Amino acid sequence: MAELATIARPYAEALFKASSSDLAGTGAWLDRVAAIAANPELQQFADNPKATPEQVLDVIVSANGAALPPAANNFMMALLENGRFTALQEIARQFRALANAQSGSSDAVVYSAFPIEAGALNGVAAALEKRFGRKLQIAVEQDPSLIGGIRVVVGDEVLDTSVKARLEQMKVALAA
C-alpha cells in the first residue's frame with residue numbers, strides 16, 4: 001500500500017498546484033472519476049493491453065454522464081498512458097488532504113443508524129466543528145448496526161455516541 005501512496009503523491013501534488021485557482025471544482029470531478037474508477041470491471045478493462053487509453057477514457061466519460069473538463073481529460077490521459085490508473089483513488093485521497101490542509105479543514109464521516117435530515121445534520125455539523133476545533137467536510141453513511149446515535153470519524157479521531165458503543169461499555173463493565 002505504501003507503494004501506491006508513493007506513486008500517487010507526485011500526481012496529487014501536480015494536480016493540486018495546477019488547479020490552485022479552482023480546488024473545489026477539481027476535487028468534485030476527481031472524486032466522481034475516482035468513484036467510477038473503483039469499479040473492478042473498469043479496472044480490468046484498463047489493465048487489458050488491447051484497450052487504448054482513449055477507449056478507457058471514453059468509458060469513464062460515459063459513466064460520468066457528462067463531458068469532463070479539458071484539464072480532467074488531460075490528467076486522465078496522463079494517468080492511463082503511464083499505467084497509473086490503479087492509483088487514481090489514492091491520488092484523489094491525497095488531493096483532498098492537500099486541499100483540506102490549505103483550507104484548514106478536515107474530512108469527517110458521520111455514521112448513523114438512520115438517515116439524518118438536512119436541518120439536523122447542520123446542527124450536528126456545527127457541534128462537531130466546535131468539538132474538533134476546525135471546519136469539517138462531512139459525509140454521511142448509514143450503518144444500521146449502530147442501533148441508534150452516531151459515530152464520527154475525523155482522520156484518526158473517533159467520537160462514538162452510538163447505542164452499540166454504549167452497550168459494549170455496559171458489557172465490559174458488567175463482566176469486570
Side-chain angles (χ1 to χ4, degrees), residues 1-118 121-122 125 128 134-145 151-156:
M1 196 58 124
E3 181 180 327
L4 194 58
T6 304
I7 290 169
R9 185 172 301 112
Y11 288 96
E13 289 173 353
L15 185 60
F16 179 76
K17 288 176 186 172
S19 62
S20 61
S21 63
D22 185 22
L23 291 177
T26 302
W29 69 254
L30 185 59
D31 286 340
R32 281 194 317 272
V33 171
I36 292 168
N39 183 310
E41 293 171 349
L42 180 57
Q43 293 266 343
Q44 187 177 15
F45 178 64
D47 289 341
N48 186 338
K50 293 182 181 179
T52 66
E54 292 82 9
Q55 291 172 325
V56 176
L57 185 59
D58 287 344
V59 171
I60 293 168
V61 170
S62 296
N64 187 43
L68 294 172
N73 283 330
N74 293 341
F75 182 74
M76 292 304 301
M77 284 303 293
L79 285 181
L80 292 165
E81 288 171 351
N82 292 314
R84 301 298 193 211
F85 185 68
T86 56
L88 186 57
Q89 289 155 325
E90 180 64 19
I91 293 168
R93 190 193 66 70
Q94 289 187 21
F95 179 86
R96 275 192 312 277
L98 291 168
N100 285 344
Q102 181 178 359
S103 67
S105 63
S106 297
D107 288 333
V109 181
V110 175
Y111 297 94
S112 173
F114 304 101
I116 302 175
E117 295 178 10
L121 183 59
N122 290 337
L128 291 173
R134 58 189 173 268
K135 180 85 175 126
L136 298 176
Q137 309 296 327
I138 295 181
V140 178
E141 292 188 23
Q142 205 166 338
D143 183 0
S145 73
R151 180 174 184 261
V152 182
V153 178
V154 179
D156 61 352

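Nothing here was measured: the structure is a model prediction, and the numbers come from that model.
The two residues T26 and F95 make their nearest non-hydrogen contact at CG2-CZ, 3.7 Å. Annotation for L30 and A92: closest pair CD2-CA, 3.6 Å, computed over non-hydrogen atoms. For L68 against A72, the heavy-atom pair with the smallest separation is CB-CB, 3.8 Å. Of all the heavy atoms in P53 and L80, the pair that sits closest is O-CD1, 3.4 Å. When all heavy atoms of Q142 and A113 are compared, the closest pair comes out as NE2-O, 3.5 Å. Contact detail for V56 and A51: the closest heavy-atom pair is CG2-CB, 4.2 Å.
We find that D107 and R96 are joined by a salt bridge, their nearest charged nitrogen and carboxylate oxygen being less than 4.0 Å apart.
Note that CD1 of I36 and CD of Q89 are 11.5 Å apart. Values are rounded to the nearest 0.5 Å. Of the inter-residue distances, the one linking I60 atom CD1 with Q55 atom CD reads 12.0 Å to the nearest 0.5 angstrom. Once rounded to the nearest 0.5 Å, the distance linking CG of N74 with CG of L15 reads 11.0 Å. Residue L88 holds its CG atom at 11.5 Å from OH of Y11, rounded to the nearest 0.5 Å. Taking CZ of F85 as the start and CG of L42 as the end, the distance is 4.0 Å to the nearest 0.5 Å. Considering OG of S19 and CH2 of W29, their distance stands at 7.5 Å, rounded to 0.5 Å.
Using a 4.5 Å heavy-atom cutoff, the side chains of I7 and T86 are not in contact. The shortest side-chain heavy-atom distance between I91 and R84 does not fall under the 4.5 Å cut-off. Side-chain contact check for L128 versus V154: every heavy-atom pair is 4.5 Å or farther apart. Side-chain contact between E90 and R9: absent, with no pair of heavy atoms (C-beta onward) separated by less than 4.5 Å. For the pair L23 and Q102, the minimum side-chain heavy-atom distance is below 4.5 Å.
Considering K135, Q137, R134 as possible partners of S106, the one that fulfils the side chain to side chain donor-acceptor pair (under 3.5 Å) test is R134.
Between the Q43 side chain and the A37 main chain, a donor and an acceptor come within less than 3.5 Å of each other.
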